[in-house]
Amino acid sequence: MYENIKYEKKGKVGYLTFNRPKALNALNTPMLKEIQDCLDTQINPDDELVCVVLTGEGRAFIAGADILEMKDYGAAGFHNYTAVGHKVMYTMETSDKVFIAAINGFALGGGLELAMSCDIRLASEKALFGQPETGLGIIPGFGGTQRMPRLVGRGMAKYLILAAENIKADEAYRIGLVEKIYAPDDLMPETVKLAESIAAKAPIAVRVGKAAINVGIETDIITATRYEREVFSLCAASDDKNEGMTAFVEKRAPNFQNK
Ligand code: CO8
């Protein structure tokens, strides 16, 4: 169905694999459009799905936006290209699903930007991270100048973006750019374990937990905690809240119904 990505679903977890290994999964417009289509037609409308794991085929997660495509763009071309990229990132960020990046190799430029728009980042010890754009005469254009300071603070974001210095996985972990690092062979099994663990929790709580963090972090603490209080009531009124607490009292595993 797709040429540049693969998508499959196992239970409540979807697996989206970037599949242009000969170009180190560089993000060109057709690939971005396929990701968008997959989000719009396979992932977001799927009520059963809780988590989506994103990873790359071969030795890269994504080695950036496609330099061959971009090299002849003028202002209008870049404006369109950034719009297509931004839409993918917004769609993931505002989705009810939880996106986990399993960063298997190079996560450079637009690839790191895409990883930063996921909810959780796990990485192989062999992964390499960086925003090489200033060395190409541009800046990160898929949200990197905005999401990176929110993740690692503005000093470190300026260091990485302005110096265009690549960093290894242990440094990415140290600065909070990724949540965990694993030996290469352990990355996918550990990612699957995490995705299935999240998928086994109360779906309404998972969904509003993500929204509360994403909405609240962009506003003042009074508005943010007010928002938390309102969405908390959604969980409090759910059947799954009764099930979760009853299961605890009865010393058994809960059986959540997304109700
Ligand atoms: N775009 C296009 N092709 C790429 C890219 C890329 N970003 N990265 C790698 N490739 C291709 C190479 O051209 C090569 O193709 P071929 O075999 O046909 O020559 C193939 O992938 C394998 O790459 P290498 O032979 O270079 O492999 P190495 O192991 O020697 O090096 C590196 C791996 C270090 C990852 C190297 O390929 C590299 O530096 N790639 C470019 C990394 C980069 O600069 N990325 C940032 C791009 S800019 C960006 O992402 C901007 C985002 C915001 C854009 C918003 C604009 C609208």
Side-chain angles (χ1 to χ4, degrees), residues 2-6 16-36 39 54-93 99 101-118 121 123-152 154 156-172 177-178 181 184 187:
Y2 295 119
E3 284 178 20
N4 303 287
I5 61 169
K6 289 185 284 189
L16 196 164
T17 304
F18 310 117
N19 193 26
R20 287 186 78 205
K22 283 187 183 152
L24 299 184
N25 301 324
L27 279 173
N28 60 9
T29 297
M31 182 166 155
L32 281 166
K33 290 196 167 162
E34 287 185 3
I35 298 169
Q36 187 67 51
L39 289 165
L54 298 105
T55 196
E57 189 67 43
R59 58 196 180 97
F61 178 72
I62 294 174
D66 193 310
I67 298 172
L68 301 186
E69 176 177 342
M70 288 186 294
K71 72 180 178 26
D72 297 323
Y73 277 164
F78 272 118
H79 207 252
N80 289 335
Y81 192 39
T82 46
V84 177
H86 276 288
K87 191 170 174 201
V88 166
M89 319 289 162
Y90 296 144
T91 306
M92 292 200 295
E93 239 164 20
F99 291 85
I103 304 171
N104 53 305
F106 298 110
L108 300 173
L112 181 50
E113 295 179 281
L114 187 143
M116 289 191 292
S117 67
C118 292
R121 283 150 294 283
S124 155
E125 285 163 355
K126 286 198 172 160
L128 191 76
F129 302 80
Q131 298 288 169
E133 285 88 345
T134 58
L136 294 165
I138 56 174
I139 60 169
F142 290 155
T145 62
Q146 305 310 310
R147 291 192 182 92
M148 186 177 276
R150 283 164 167 78
L151 269 181
V152 300
R154 61 179 90 176
M156 188 55 83
K158 285 176 187 165
Y159 182 100
L160 291 174
I161 289 173
L162 304 184
E165 190 176 293
N166 290 344
I167 56 170
K168 293 183 176 166
D170 56 349
E171 176 70 350
L177 193 54
V178 299
I181 47 178
L187 176 64

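Numbering of ligands and ligand atoms starts at 1, following listing order. We count residues from 1, following the sequence as given.
- For atom 23 (O) of ligand 1, the nearest protein heavy atom (residue, atom name, distance) is Leu24 CD1, 3.6 Å.
- For a threshold of 3.5 Å applied to N or O pairs, the pair formed by Gly109 and ligand 1 contains no separation below that value.
- The nearest heavy-atom contact from the protein to atom 16 (P) of ligand 1 is Lys22 O, 4.9 Å.
- No side-chain heavy atom of Asp170 sits less than 4.5 Å from a side-chain heavy atom of Glu125.
- With a 4.5 Å cut-off on side-chain heavy atoms, Phe99 and Leu54 count as touching.
- Looking at Tyr81 next to ligand 1, no N or O pair under 3.5 Å apart turns up.
- Atoms of ligand 1 found under 4.0 Å from any heavy atom of Thr82, numbered from 1 in the order shown, are 55 (C), 56 (C), 57 (C).
- Taking only non-hydrogen atoms, the option from Gly105, Ala63, Ala60 nearest to atom 42 (C) of ligand 1 is Ala63.
- Residue Leu108 has at least one heavy-atom neighbour below 4.0 Å for each of these atoms of ligand 1: 35 (C), 42 (C).
- Between Ala65 and ligand 1, at least one N/O pair is under 3.5 Å apart.
- Every atom of ligand 1 is numbered from 1 in the order shown, and the set under 4.0 Å from a heavy atom of Pro132 is 43 (C), 44 (O), 45 (N), 46 (C).
- Two residues are said to be in side-chain contact when any heavy atoms from C-beta on lie closer than 4.5 Å; Leu32 and Tyr81 meet this criterion.
- Here is the list of ligand 1 atoms found below 4.0 Å of a heavy atom in Glu113: 52 (C), 53 (C).
- Ring to ring, Phe18 and Tyr2 are not that close: their centroids are 6.0 angstrom or more apart.
- Here is the list of ligand 1 atoms found below 4.0 Å of a heavy atom in Leu136: 44 (O), 47 (C), 48 (S).
- With a 4.0 Å cut-off on non-hydrogen atoms, Phe78 touches ligand 1 through its backbone as well as its side chain.
- At least one N/O-N/O distance between Ile67 and ligand 1 falls below 3.5 Å.
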